[in-house]
There are 2 protein chains.
Amino acid sequence: MSPFQEAPVTSSDKTFIALRADVVEGVIKAGAKLSEAELSTNYGVSRAVVREAINRLENASLVERKANVGAKVVTLTLDGLIQLYQVREALEGMAARLAAQNMSDDEIEELQSLLNNHAKQVKNGESYYQEAGDVDFHYRIVLGSHNQQLISMLTNNIYHLVRMYRVQLGMAGPRVTTAFAEHTNIVQAISHRDAELAELLMRRHILYSKNNIEAKLRTIP
Amino acid sequence: MSPFQEAPVTSSDKTFIALRADVVEGVIKAGAKLSEAELSTNYGVSRAVVREAINRLENASLVERKANVGAKVVTLTLDGLIQLYQVREALEGMAARLAAQNMSDDEIEELQSLLNNHAKQVKNGESYYQEAGDVDFHYRIVLGSHNQQLISMLTNNIYHLVRMYRVQLGMAGPRVTTAFAEHTNIVQAISHRDAELAELLMRRHILYSKNNIEAKLRTIP
DNA sequence: TGAAGTTGGATTGTCGACAATATAGAGAGT
DNA sequence: ACTCTCTATATTGTCGACAATCCAACTTCA
């Protein structure tokens, strides 16, 4: 289905995931201070596991910590969004390149059928699932790179921050059908094993997406 | 001087840095198990701070942890090295592109003079400082990107892992003068504010470096 | 009035003890 | 001899208490 980490086993894992969700979804507001004691009672665990969860969030760039002072949820800025998308462009571009080289024929076929499902949804105007579909699409390609380092960086860190921006600054917008066309071209490049083109198209796709969001944001804050 | 993090203030910071150094330099061998109790006595701190240090090392991809089992130092493989350099190519390529756009004239001038010093050293055959010089060069450009996300990923994670491979598999090799020529071209592109070319040259530079190391390694393990 | 120094309260950092889990080895059965 | 089960032990996960640090409010002095 969707981006799944390994199943959480330890209490610390669950707390980390719950806390991350609350930060990403805005239940805990951007810029808010994270009190260890307060979170400890809220999640019903000891301060030690809260601390561990906060540490992990720090590495994911979702909170900032200062020694002897505490941790704050990051603040969302236009500049931060741009920098994030620059990194994303570099990493996902490479992912597309590697996917064109390394994906198995089966994986490519699944990617194709995923795209076909999206095509139906676009025709039916089911805009809700468009977001999930977009995530799925990018996720498949990242996995297809078969590069663990790359997969880890994108799925553990960058995607959560991207989602935090999307959710809290209310992205959804048009760009559905045009993005779908771009997806189609990328898959075509991959299935032709054209690594160079796959990277180029993916980078442009993300760049367009950035420009689109950026334009919307400049009108608000 | 050299890549410096923020000064370590807390006991946990110091332990993390000491432990990381021991892992990178091979004092603790690749693949070895990390016993929390043992490290606790060795570094003279409580298990809690050792655990925090290990967690941070995990995010830096220097150790792998399994719940209820423990942490092991990563094992160094050819495949791991290749994947690492693929990520490095993507990120540093983007860094060079952004550096060409964002570096101040002063920063570029400092980069130039750094290169001049290297030129002298290369002529004198001081091969030792070549490594430090190379690190310095790349570090400056990464900082010049003015992209915090990018800077953090490279300096906190990737560079330490790269160094671990270099140290433990005994890199040094020739490629000194030829690498210097590549550096020169990159700086030229940056000072011309040619972002496209700067990225291209940096990516090729890292790709060559990867191929060089890879060729050496294939003869050994 | 304003600036520097001081103190109290609250928050984070560190510690040792206890609980939960995995793994190696012994033992039983075939 | 081999496999399976079960137990013992060592290691990690979690907890509550104590120590160190920061910050704000208050006092003191020019």
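As the structure is a computational prediction, the values presented were derived from the model and not from experiment. Lettering of chains follows the sequences in order, A, B, ..., and the numbering in each one begins at 1.
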Exercise for review: Give a yes/no answer on whether the side chain of Ser11(B) brings an N or O atom under 4.0 Å of OP1 or OP2 in dT14(C).
Suggested key: yes
Point to revise | Nearest-Å distance for atom pair CG/P, residues Leu34(A) and dG13(C) | key: 12 Å
Study note, to complete from the structure: The nucleotide from dT23(C), dT14(D), dC23(D) with an atom nearest the side chain of Val69(B) is dT23(C)
Practice item. Write down the distance between CD (Glu36(A)) and C1' (dA17(D)), rounded to a whole number of angstrom. Key: 15 Å
Check your understanding: Within the structure, does a side-chain N or O atom of Lys33(B) lie under 4.0 Å from either OP1 or OP2 of dA22(C)?
Key -> no
Study note, to complete from the structure: 5'-most contact on DNA chain D (nearest-nucleotide basis), Ala67(A) vs Ser12(A), goes to Ser12(A)
Practice item. Examine the side chains of Glu107(B) and His146(B) and answer whether a donor and an acceptor come within less than 3.5 Å of each other. Key: yes
Check your understanding: Taking the side chain of Asn68(A) as heavy atoms from C-beta outward, which of dT21(D), dT14(C), dG13(D) is closest to it?
Key -> dT21(D)
Point to revise | Separation of dT11(D) C1' from Glu38(B) CD (nearest whole Å) | key: 12 Å
Exercise for review: Can you tell me the distance, in whole Å, between the CZ atom of Phe16(A) and the P atom of dG13(D)?
Suggested key: 15 Å
Study note, to complete from the structure: Note: contacts of residues 46-56 of chain B with DNA chain D (heavy atom, under 4.0 Å) are Arg47(B), Arg51(B)
Exercise for review: May I ask you to decide whether Glu36(B) forms a salt bridge with Arg65(B), counting only side-chain N to carboxylate O separations under 4.0 Å?
Suggested key: yes
Check your understanding: How many Å lie between CG on Asp13(B) and P on dT12(C), as a whole number?
Key -> 16 Å
**Study point:** Distance, rounded to the nearest Å, where Glu58(B) contributes CD and dG13(D) contributes C1'
**Key:** 14 Å
**Study point:** Residue that, paired with Leu154(A), satisfies side-chain contact (heavy atoms from CB on, under 4.5 Å) out of Ile141(A), Val142(A), Asn147(A)
**Key:** Val142(A)
Point to revise | N-O pairing of Arg204(B) and Glu182(B) below 4.0 Å | key: no
Check your understanding: Is any side-chain N of the basic residue among Asp13(B) and Arg56(B) closer than 4.0 Å to the acidic one's carboxylate O?
Key -> yes
**Study point:** Expected output: side-chain Thr155(A) to main-chain Ile151(A) donor-acceptor under 3.5 Å
**Key:** yes
Exercise for review: Verify the contact: side-chain N or O of Lys66(B) to OP1 or OP2 of dT21(C), cut-off strictly under 4.0 Å; return yes or no.
Suggested key: no
Exercise for review: Decide, yes or no, whether a salt bridge links Lys72(B) with Glu64(B) under the criterion of side-chain N to carboxylate O below 4.0 Å.
Suggested key: no
Review point. Under 4.0 Å between a side-chain N or O of Thr10(B) and OP1 or OP2 of dT14(C)?
Key: yes
